[in-house]
Amino acid sequence: MDYEIVIGLEIHSELDTNSKIFCGCSTTFGAEENTQTCPVCLGLPGTLPVLNKKVVEYAVRAGIAMDCKIANFSKLDRKNYFYPDLPKAYQISQFDLPICQRGDVEIEVGDYKKTIGITRIHIEEDAGKLIHDSGEGTLADNNRCGVPLIEIVTEPDMRSAAEARTFAEKIKSILEYTEVSDCKMQEGSLRFDVNLSVRKNGTKELGTRTEMKNLNSFRALERAVEAESRRQIFELERGNRIIQETRKWDDDNGESFSLRSKEEAHDYRYFPDPDLVPIVLENSYIKEIEDHLPKLPWVRKKDYMEKWNLSEYDADVLTVSKDTASFFEKTVEACGDPKSVVNWIMGDISAALNEQNISMKDVKFSPGDLGELIGLINKKAISVSIGKQVLKQMMETGESPSKIVEKSGLSQMNDEDELKKIVLTVLEKNPQSVEDLKNGKEKAIGFLVGQIMKETKGKANPQVVNKLIKDNI
Ligand code: ADP
Ligand code: MG
Ligand code: ZN
């Protein structure tokens, strides 16, 4: 019997604000435990939260980029539960009136496109972190209490691990482009909860779902979907029921286990937070944010194809990450030669990044430097192969290409008189090749050029060398 997999995601993303959502504490990751707290984010009695307006702005930006309806009126609610990393014993979140609703995000999976519905985006505060492996029992670090989050909830619109992964990657790219979140998954800035059910093909009704919380890599997300759908199908095939429950995904062992069933779920007793006024947004405010939204990946991709004639593939690769896209654009601005910039970024630079396991934002040189390198090649001050050597040094030292060329004496040799001497010597040393060439064996010229390049350490201008050989045989 064939089954269809049904997936809805809940995505938590930490916003890239400097301060927390209801107080002035820093949000910097990795600070010493409990040094970034105050009475407000520790939830001490008598303190009052004040909403950080950047949080609203960032949520609205994300909402616009995901084609949501932005609410003119929304409010903050208390979600009550006790947990050791939540000193207030309630989390300020949004319940029935979230800041964004009913959005759409288009994904491209293999050779088809499809739209995933966004149910809602709401703002809320993060909880602290429990540290279980200190050797001193369980410790609580409250630095993360009150770090602003958005939670993005989707419709149950995804049908495979590939769709879920592609969608998750798309969300990451949107949040990066709009500068809403740094999306550092290893720091917990982007976390996925997977809701999953299966149903027999052709059935309309949704099956009973399970939820796996806090997946923090695309690979884990994909693997969790595959394993959980297999497990559910296996259970159903044996005549068992799926229990609605929260499961924990263990990525090391590639399996999930039950944490708690829905029957034991909390009744959060949501109610409007009496300490905070509702969020009222004028249309003019929303329009202002929309007008200043950074260019989104799909807009840039179209631009690259139309303005600069890039292939769809190249445009796709260059716009996956915002860092790469802006590096690309700035370099084109610097040298005016998009074709060469594509070749360098997709070729030598990306190979070097892969090899060193770093990303575009870690490179030591600037787009201006790469533009300069391309300029040197275009005006024939250096050859392409010398350019490759220069790039290597730029990656290592961050020095400008002209400085490297000057320092290492790598300038291209264009001077005919100087080159002629070398050409004559090489011709003299290789009478057989000269003979072959005279007899029309064009291959011989390649060998001769190679010898001259060897003599000049790759600095000879190949066009000049070719001409000199032909003139002197
Ligand atoms: P809850 O209130 O328990 O969090 P929601 O109705 O808000 O539940 O849904 C949470 C997520 O689960 C959403 O992304 C939704 O699309 C998804 N979802 C709901 N029902 C199913 C189902 N039967 N199968 C798969 N996903 C589902
Ligand atoms: Mg939920
Ligand atoms: Zn604080």
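Here the structure is a predicted model, which is why all the values come from computation and not from measurement. Position 1 is the first residue of the sequence, and the numbers go up from there. Counting starts at 1 for both ligands and their atoms, following the listed order.
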How about Thr246 and Glu211: does a side-chain donor come under 3.5 Å of a side-chain acceptor?
no

Pair Ser402-Glu372, side-chain donor/acceptor within less than 3.5 Å:
yes

May I ask you to identify, for Glu211, whether its side chain, its backbone, both or neither come under 4.0 Å of ligand 1 on a heavy-atom basis?
neither

side-chain hydrogen bond (donor to acceptor under 3.5 Å, both in side chains) contacts in which one or both residues fall within residues 88-100, not counting sequence neighbours
Ser74-Gln94, Lys75-Asp96, Arg78-Tyr90, Lys88-Glu125, Ser93-Glu124

Answer with side chain, backbone, both or neither: which part of Asp157 has a heavy atom less than 4.0 angstrom from an atom of ligand 1?
neither

Kindly assign one of parallel, tilted or perpendicular to the pair Tyr270 and Phe95, based on the angle between their ring planes and the thresholds 30° and 60°.
parallel

Judged by heavy atoms only, the candidate from Met158, Glu10, Gln244, Arg209 nearest atom 21 (C) of ligand 1 is Arg209

Taking atom OH of Tyr313 as the centre, does the number of heavy atoms from other residues, nucleotides or ligands within less than 6.0 Å exceed 12?
no

Count the heavy atoms belonging to other residues, nucleotides or ligands that lie under 6.0 Å from CZ of Arg159, then report whether that count exceeds 12.
yes

With only distance considered, is Pro156 within less than 3.5 Å of ligand 1 through an N or O on each side?
yes

Just checking, is any N or O donor in the side chain of Ser189 or Asp182 under 3.5 Å from an acceptor N or O on the other one?
yes

Which of the atoms of ligand 1 are close to Glu155, meaning less than 4.0 Å from one of its heavy atoms?
16 (O)

Salt bridge check: are Arg231 and Glu228 linked by an N-O gap of less than 4.0 Å?
yes

Looking only at distances, can you tell me whether any N or O atom of Gly207, backbone or side chain, sits closer than 3.5 Å to an N or O atom of ligand 1?
yes

Under a 4.0 Å heavy-atom limit, does Val153 contact ligand 1 with its side chain, its backbone, both, or neither?
side chain

At less than 2.8 Å, how many protein N/O/S atoms surround the Zn ion (ligand 3)? Leave waters out.
4

Whether Glu57 and Lys54 form a salt bridge (side-chain N of Lys/Arg under 4.0 Å from carboxylate O of Asp/Glu) is what I want to check.
yes

Taking the basic N atoms (NZ, or NE/NH1/NH2) and the acidic carboxylate oxygens, is any pair closer than 4.0 Å for Glu179 and Lys322?
yes

Flag Thr154 as yes when one of its N or O atoms lies below 3.5 Å from any N or O atom of ligand 1, and as no otherwise.
yes

